[in-house]
Amino acid sequence: MGTERNHLYLVDGSSYIFRAYHRLPPLTDPEGTPVGAVYGYTTMLWKLAEDLDAAEGPTHLAVILDKDSKSFRNDIYPEYKANRPEPPEDLRPQFPLIRDATRAFSLPCIEEAGLEADDLIASYAREAQRQGWDVTIVSSDKDLMQLVGEVDGPNGPARIDMLDTMKSQRLYIPEVEAKFGVPPELVGDVLALMGDSVDNIPGIFGIGPKTASKLIAEHGSLTAALDQAPEMKKSKLKERLIEGRADAEMSRVLVTLKEDCELPQPIEAMKLGKVPPEPLAAFLEKHGFTSLLRRLGNGHGSPERANNLDPAGEKRAGDNGTDEGNRQQPPEMPAVDRSAYETVQTMEALEKWIVRAKAARLVAVDTETSSLDAMQADLVGISLALGANDACYIPLAHGSGDMFAEKPQQIEREAALKALRPLLADDSVTKIFQNGKYDLNVLARHGAPVSPIEDTMIVSFALDAGRSQDGIGGGHGMDELCQRHLAHTAIAYKDVCGTGKKAIPFGEVPLDRATEYAAEDADITWRLYTLLKPRLAVEGGSRIYERVDRPLIPVVAGMEREGIKVDRARLAKLSEEFAREIGRLEGEIHEAAGQEFTVGSPKQLGDILFDKLGYKGGRKGKSGQYSTDVSVLEKLAAEGAPIARLVLEWRQLSKLKSTYTDALQAAINPQTGRVHTSYSLVGAQTGRLSSTDPNLQNIPVRTAIGRQIREAFVPEDGNVLLAADYSQIELRLAAHMADVDTLKQAFANGEDIHSRTATEMFGEVTRDTRARAKTINFAILYGISRWGLAGRLEVTPEEAQDMIDTYFQRFPGIQRYIAETLETVRERGYSETLFGRKTWFPRINSKNQAERQGSERAAINAPIQGTSADIIKRAMVRMLPALRDAGLPDVRMLLQVHDELVFELPEADVAAASPVIERVMAEAALPAVRLDVPLGVEIGTGASWDAAH
DNA sequence: AAGGTCACG
DNA sequence: GACGTACGTGACCTTG
């Protein structure tokens, strides 16, 4: 809620460097790399960053770069930019340094494949303008002059102007009119007529800038000028206009800026703050920019670089060379000094921290609570960090128990919250968390909404999902990240509070000790953020982090707080019935076995079945234990072993009772009367969510008896549950990604995909061939092996191989997809989804065959499973705003089960909400990805989760 | 803490 | 000739 106006500066980095190259002397850095243009670029950024808080200066700033030479314009006109000469030898090595320079200023650097910098600039400018911001485009590119002008925003006119830093010249409407003779919105028409030799845009031969602007000014538009050409008096110009019409029209398309690109980062993320000096100093020194280094101030003259700060970025033996050669050095940080932390015990001290946090616009926050369950936890204290070792702990509810004779001095909790709320809700101050979903929920329950946030755990996941060093976990928890990236061992929670029976609540920890622990967590979170966040742009994690996972955090937090109602009485009744049946079965099993034993012990059961009763069956695994899983027991039952059937039934019922009917009753939150799961955003390497405490993503559905449990998930009175499922989403994505015409066609026609597969494979659809086809379809998604398929279909591996061959033959594309996927994963070390989510496979080149093949199967599956996860996440992010826009604020999103979303809504809203939900889900890939297959969504409603299917 | 089993997509 | 045999999860039970 800043009072000053937001002003976004968009720097056209690519065009700048060309001009700087020609204007500046050919400098080289100490290593001999040419850096003349980079120097010019660096000084320009310096000036811009210095203007922060100046009247016309930026509050937000980003650099936009061209990613590669091809763009969608080449699809329209292959010759587009085709006559560009190769950049000079001594300019080429400077391109990557532009990124480094930008990074050194801790500024966002944006580039997208298939899009030109101009398009991104146009899209960002329009987005900012829509939100009432002013925009300055730092460029001299005439194409961009089309954007100049103003529109009415929420707080007065929002204007876009341009700044040519080399000429120190600002361009607004009059300047554009002076140059083109027409207002900015007609500049595109002029450009279409005159063409552009640099970009190889044809225009109309023989028409230059003068004639073009005169024509457009006269006729009011390109179309009008072209339309009226036949009526003109006979002249060379008339002929040219008539003959060149097609060229002009195509040129018009080429010069049109794409203003609706998906924005890789939100504009809020471009907040300009004080530039951290360390990374900048390192950069300036590396390239010998000594005069700038001096201006930066003393103390950074010869930085001793901290070593070993970023093991994840180092090349490891056996790892794939995936990191760019030109890595930014991690910023230096002093060692953790816990004695520097402050315990905040008075309002005055707290106010000081709040003022400093506001000025810094970036603060790491951590909450300390009485419980690990965010839905039960009481706030005990809050810690803040504004820099390395610059952290505090604010105790709020210490010594509430009897341990202290006297409560330690601390600010009363409600008073502190009252002071902190504006900071936490201030959209110009970014709050950094480690696993922020937890803190968000705790704070929300204390009436303190928090926004905007960053989350180091989610950043780590976007960068390093699946990456793990041998033996050492690849997890994303604070302790692991701290160890991995900071080479520091943080105080562990159990060191402060103990474990097991002797554990004490955090509120009973003495303040000095609590401060060391809690402030350290905020300090580390701040350090991790400064270290990890810049890697996103460099390593290609920004898209997924900024557009998918980061905005998802508050959405999922909201779902967790909603919870879902379960019918306790119904579960209790089921538990009772199951218990009775389990008892009966147990008796029969003991009778059949001729002795009593623990049915739930696979070891005892195996001995009874195979040793005592003499059924046939093999040992398995290193433990030398008999296997007694379903497939074994099914086989025995089919061969006429009655005890096997009894054990199967016993197992089913015990599972249902212990895991569901008993556990779910226990999971009902006493305050809300609902069940609140906790979703992990980093639980599955592929990008899927996972659900714990309780897991609501594995509630039975496949059997009638199990579905009774689903009947216990119910809406509040007057409401219904609505379940919306993607139908066959992974197969649809496989059809798209492997580009299989037959499958794409089948989905487009709404066919039953397994039946279609059966027809292709076996020539006819019967129950049997359809079932086999279904198995084979899944086998493909999971990375096929002849033995695996043989086992599932109960055929020989040779027959399975035949089927695989037939499949590849009938669906050309699949084999190529598999080969190409594996090739790139082997080469780069990671797979990627359609939306750019990476999953690392460190064992893909393992010498251990089993290990390697396991990685290969996972690598084939990950892009498909991960893309599906991306899509439903995008739908989730958009869902509630879309419903609100549709006038449906009472629809609540409760659960996600990988390809399904569950809602609770007033009965009266069903008719209006269903099409909105359907549309948001079906269109969730757009506009980033246009799929060749439709995404089918099936919706059901009812008085229970079961009935909604 | 590990292994076996089984619930889901 | 070995590896051991479909991808991704989490919870509960027994046993060491």
Side-chain angles (χ1 to χ4, degrees), chain A residues 465-466 597-606 618 620-633 647-648 650-664 666-667 677-680 682-703 705-707 709-710 725-731 734 775-793 797 800 804 831 839 841 846-866 868-869 872 895-900:
Chain A
F597 70 101
T598 311
V599 183
S601 163
K603 187 177 183 322
Q604 292 185 33
L605 177 65
K620 265 200 183 166
K622 327 153 198 137
S623 56
Q625 208 179 301
Y626 290 114
S627 169
T628 65
D629 67 15
V630 248
S631 66
V632 172
L633 293 181
V647 172
L648 282 168
W650 183 94
R651 283 226 181 119
Q652 184 189 21
L653 294 177
S654 321
K655 175 87 176 177
L656 295 179
K657 180 170 184 293
S658 67
T659 308
Y660 301 105
T661 56
D662 290 352
L664 281 173
T677 185
S678 173
Y679 289 102
S680 170
V682 299
Q685 312 292 13
T686 52
R688 272 191 178 179
L689 305 189
S690 71
S691 160
T692 59
D693 307 308
N695 183 352
L696 294 186
Q697 289 181 323
N698 70 348
I699 302 302
V701 70
R702 291 171 187 170
T703 64
I705 185 156
R707 275 198 298 274
I709 290 159
R710 269 182 192 237
D725 285 64
Y726 282 114
S727 134
Q728 307 288 6
I729 187 168
E730 293 197 3
L731 276 173
T775 301
I776 297 167
N777 276 330
F778 280 106
I780 295 297
L781 296 181
Y782 296 152
I784 200 163
S785 85
R786 74 180 85 165
W787 298 278
L789 185 62
R792 295 280 162 145
L793 290 179
I804 294 168
S831 69
T839 302
F841 294 92
S846 166
K847 287 201 251 316
N848 178 328
Q849 186 182 223
E851 208 171 58
R852 185 176 67 249
Q853 288 178 341
S855 289
E856 287 174 354
R857 290 190 296 269
I860 291 164
N861 179 251
I864 299 168
Q865 189 181 115
S868 163
I872 195 165
L895 303 178
Q896 190 252 40
V897 194
H898 310 308
D899 64 355
E900 171 184 10

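Excluded from the calculations below are hydrogen atoms, water molecules and symmetry mates; all remaining heavy atoms, backbone and side chain alike, are included. Because the structure is predicted, anything quoted here is derived from the model rather than measured. Proteins come first, then strands; the chains are lettered A, B, ... in the order of their sequence lines, and each starts at number 1.
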[X] [atom1] - [N] [atom2] separation (whole Å):
| X | N | atom1 | atom2 | value |
| --- | --- | --- | --- | --- |
| Gln896(A) | dT9(C) | CD | C1' | 12 Å |
| Leu731(A) | dC7(C) | CG | P | 17 Å |
| Asn848(A) | dT5(C) | CG | P | 13 Å |
| Lys655(A) | dT14(C) | NZ | P | 13 Å |
| Asp662(A) | dA7(B) | CG | P | 16 Å |
| Gln604(A) | dG16(C) | CD | C1' | 14 Å |

Remember a base hit wins even if backbone is also touched, and classify [X] as base, sugar-phosphate or nothing at under 4.0 Å, heavy atoms.
| X | result |
| --- | --- |
| Asn698(A) | base |
| Glu851(A) | nothing |
| Gly600(A) | sugar-phosphate |
| Ile864(A) | nothing |
| Ala858(A) | sugar-phosphate |
| Thr775(A) | base |
| Ser691(A) | sugar-phosphate |
| Ala663(A) | sugar-phosphate |
| Arg857(A) | sugar-phosphate |
| Arg786(A) | nothing |

Leu789(A) and Thr775(A), any side-chain heavy atoms less than 4.5 Å apart: yes

Less than 4.5 Å apart, side chain to side chain, heavy atoms only: is that true for Thr692(A) and Ser680(A)? no

Suppose you measure atom P in dG3(B) against the same atom in dT5(C); what distance do you get, rounded to whole Å? 14 Å

Take atom P in dG4(B) and the same atom in dG4(C), then report the distance between them in whole Å. 13 Å

From the list dT5(B), dT5(C), dA11(C), which nucleotide is the closest neighbour of the side chain of Thr628(A)? dT5(B)

From C-beta outward on Tyr782(A), which listed nucleotide comes closest to its side chain: dT5(B), dA11(C), dG9(B)? dG9(B)

Does Arg702(A) have a side-chain nitrogen or oxygen under 4.0 Å from the phosphate oxygens OP1 or OP2 of dC8(B)? yes

Taking every heavy atom of Leu696(A) against every heavy atom of Ser691(A), the minimum-distance pair comes out as N-OG, 2.8 Å

Is a side-chain N or O of Thr839(A) found less than 3.5 angstrom from the main chain of Gln685(A), in a donor-acceptor match? yes

Can you check whether Gln896(A)'s main-chain N or O pairs, donor with acceptor, with Tyr679(A)'s side chain at less than 3.5 Å? yes

